[in-house]
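Read through the structure below, which is laid out as structure tokens, and then see the notes.
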Amino acid sequence: MNRSKIHRLLQSKNPLEQVLINGWVRTRRNSKDFSFIEVNDGSCLKNIQIIAPSSLPNYGDIQRITTGSSVSIAGSLVPSQGKGQSWEIVATQISVIGPAPETFPLQKKRHSDEFLRTIAHLRPRTNKYSAVFRIRSELSYAIHTFFRDRGFRYIHSPIITGSDCEGAGEMFRVTTLDIHNPSLREKKLNAEQDFFGKEASLTVSGQLSAEMFALALGDVYTFGPTFRAENSNTRRHAAEFWMIEPEMAFCDLAGNMNLGEELLRYLIHHVLRECPEDMALFGNFVDKTLMDTLHHIVSSEFVRLSYSEAVEILKKSKVSFEYPVNYGIDLQSEHEKFLTETHFKKPVILHDYPKTIKPFYMRLNADQQTVAAMDILVPGIGEIVGGSQREERLEVLENRMDEMGLFKENYWWYIDSRRYGSAPHSGFGMGFERLIMMVTGISNIRDVIPFPRTPGNIDF
RNA sequence: UCCCCAGUAGCUCAGUCGGUAGAGCAAGUGGCUGUUAACCACUUUGUCCGCGGUUCGAGUCCGUGCUGGGGAGCCA
């Protein structure tokens with residue numbers, strides 16, 4: 001007999017004579033002539049109720065099945081006589097595959113997120129975390145669908161990079177040199193002896209690679225792991241996270257903003273439609289306002305505002321910020337929060353920032369003072385997307401790099417793309433975990449990634 | 001890295017004015033029962049985060065370290 005997923009059985013239109021399920025026991029209750037066992041197999045949020053009649057040969061063992069045990073159950077799917085579920089399985093055969101002794105840490109009660117983080121290997125067996133990771137999977141699928149439908153190609157940009165300064169943050173060094181080897185230590189380690197013959201790091205962004213491919217395949221995107229060695233200790237930062245980076249040739253800043261807005265709306269719409277049960281859990285137990293917030297985001301246009309307009313609004317707001325607002329200074333978290341959560345109460349796309357606070361690759365505007373940058377800010381999360389139109393003019397790019405004191409030799413290939421058939425192009429990076437946080441209402445990034453990596457924490 | 005808060009039973013937490021520790025859940029035993037995080041009764045469980053100090057006496061006060069959380073910066 002083939003194993004059925006509980007998700008399918010619960011959607012059944014008719015009783016089924018012979019079914020087989022495998023899964024993990026969530027709870028068990030004894031009754032007079034039988035035992036109720038609730039089994040979850042991860043295929044959906046719901047458990048299926050098993051009726052284990054006392055006539056089963058191993059009924060004695062069945063009455064001692066503990067929460068967390070894995071079981072295999074054969075029987076028939078019948079309409080439930082009790083309230084609370086439409087189908088249940090009357091078992092004809094039950095076997096315990098792997099028992100869970102009483103030290104099993106997950107109880108039939110609510111646990112704190114902090115405790116569950118200490119047992120990250122077991123937390124996907126809870127309702128909330130299984131829902132998070134089903135949604136994470138569904139969002140990944142939707143991202144590929146979104147881009148494929150629009151003719152984008154998926155590019156696998158390298159994880160290990162030799163570009164020693166991509167400008168997006170501190171990098172993790174990659175080396176095969178043995179720091180425990182005293183002879184090498186005495187000789188002083190140097191990169192020429194190393195695997196690649198020069199310094200190598202984990203990527204902080206696939207953008208530069210994606211630009212090269214956009215200038216060949218037209219519209220491309222990357223979707224992969226990204227690494228930042230910043231000593232960030234916040235609920236919004238991880239040392240290893242996933243990022244989606246579309247890059248479009250012959251596309252300006254407005255087109256870039258359109259794509260970012262369209263992508264966010266599409267993804268929210270997708271999970272609301274495809275994962276209603278899991279989403280209801282977050283709406284009920286994580287954030288009561290989640291559904292209203294998401295429907296609002298899907299149905300209303302994002303606000304588009306230039307940096308200087310934003311500065312004006314903040315100055316006129318009469319709110320006493322801890323950090324004063326002034327043109328030329330990057331906006332602080334409290335300012336972004338005011339715009340998205342108090343003033344507009346919806347996502348805001350800020351664009352055209354002063355060039356002094358943005359990286360070299362962003363396209364210089366005609367005013368010579370601002371660059372064609374854009375950030376999408378959402379309530380509760382802050383920056384979820386950061387992007388720009390790229391500087392496609394060779395001389396302007398080289399001047400900018402000189403101004404900012406970069407070693408152009410390290411970027412020879414990047415600059416080369418502006419020498420041969422250069423074209424206007426734009427793109428952005430979207431933090432995948434921040435997207436999941438927005439969609440689920442979960443407030444800590446450590447709870448939306450299977451095994452989070454943060455400063456001082458690499459267990460599991 | 002900086003600022004603030006917390007750390008007590010397996011989990012979630014209470015512990016008053018400084019007088020050496022408690023509840024619910026879990027676990028164990030028995031009962032009841034088409035039950036719904038079942039219910040009822042009884043039972044077990046402590047490096048009060050570590051180290052040092054003040055005190056006749058510290059879970060409680062002070063110092064320090066560690067761990068966790070929130071905020072800031074960096075950003076996605």
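Because the structure is a prediction, the values reported are computed rather than measured. Sequence lines set the chain letters: A, B, ... in the order given, protein chains first and strands last, and positions in each chain run from 1.
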Ring centres within less than 5.5 Å and planes less than 30° apart: is that true of A:F241 and B:A76 in this structure? yes
Separation of the [atom1] atoms in [N] and [M], to the nearest angstrom:
N     : M     : atom1 : answer
B:G7  : B:A14 : C1'   : 15 Å
B:U47 : B:U8  : C1'   : 12 Å
B:G73 : B:U60 : P     : 36 Å
B:U44 : B:C25 : C1'   : 15 Å
B:A6  : B:A76 : C1'   : 29 Å
B:G24 : B:G65 : C1'   : 34 Å
B:U20 : B:C56 : C1'   : 14 Å
B:G50 : B:A9  : P     : 11 Å

Which nucleotide in the list B:C75, B:A38, B:G73 gets nearest to the side chain of A:Q332? B:G73
Between [X] and [Y], does any side-chain N to carboxylate O distance fall below 4.0 Å?
X      : Y      : answer
A:K128 : A:D113 : yes
A:E277 : A:K46  : yes
A:R363 : A:D252 : no

Got a donor-acceptor contact below 3.5 angstrom from the A:H335 side chain to the A:Q332 backbone? yes
Tell me whether the centres of the aromatic rings in A:F34 and A:F36 are closer together than 6.0 Å. yes
Side-chain donor or acceptor of [X] under 3.5 Å from a matching atom on the base of [N]?
X      : N     : answer
A:R434 : B:C75 : yes
A:S232 : B:C75 : no
A:Q85  : B:U35 : yes
A:H111 : B:C11 : no
A:E230 : B:G73 : no

In this structure, how many angstroms lie between the P atom of B:U36 and the CD atom of A:E38, rounded? 10 Å
Would one find a side-chain N or O of [X] under 4.0 angstrom from OP1 or OP2 of [N]?
X      : N     : answer
A:S31  : B:A38 : no
A:K108 : B:A38 : yes
A:R29  : B:U35 : no

For [N], give its Watson-Crick or G-U wobble partner with both distances under 3.5 Å, or none.
N     : result
B:U67 : B:A6
B:U35 : none
B:A41 : B:U29

Classify the ring geometry of A:Y307 against A:Y353: parallel below 30°, tilted from 30° to 60°, perpendicular beyond 60°. tilted
Please tell me if the side chains of A:R136 and A:W242 come closer than 4.5 Å, counting only heavy atoms from C-beta onward. yes
Tell me, please, which residues at least two apart from A:N233 pass side-chain contact (heavy atoms from CB on, under 4.5 Å). A:N231, A:P455
Given protein heavy atoms under 4.0 Å, the one-letter contact record of nucleotides 65-71 of chain B, with B base, S sugar-phosphate only and - none, is simply ---SSSB
Most 5' of A:K32 and A:I445 on RNA chain B, judged by nearest nucleotide: A:K32
Within the 4.0 Å heavy-atom criterion, would you say A:F34 contacts the bases, only the backbone, or no part of the nucleic acid? base
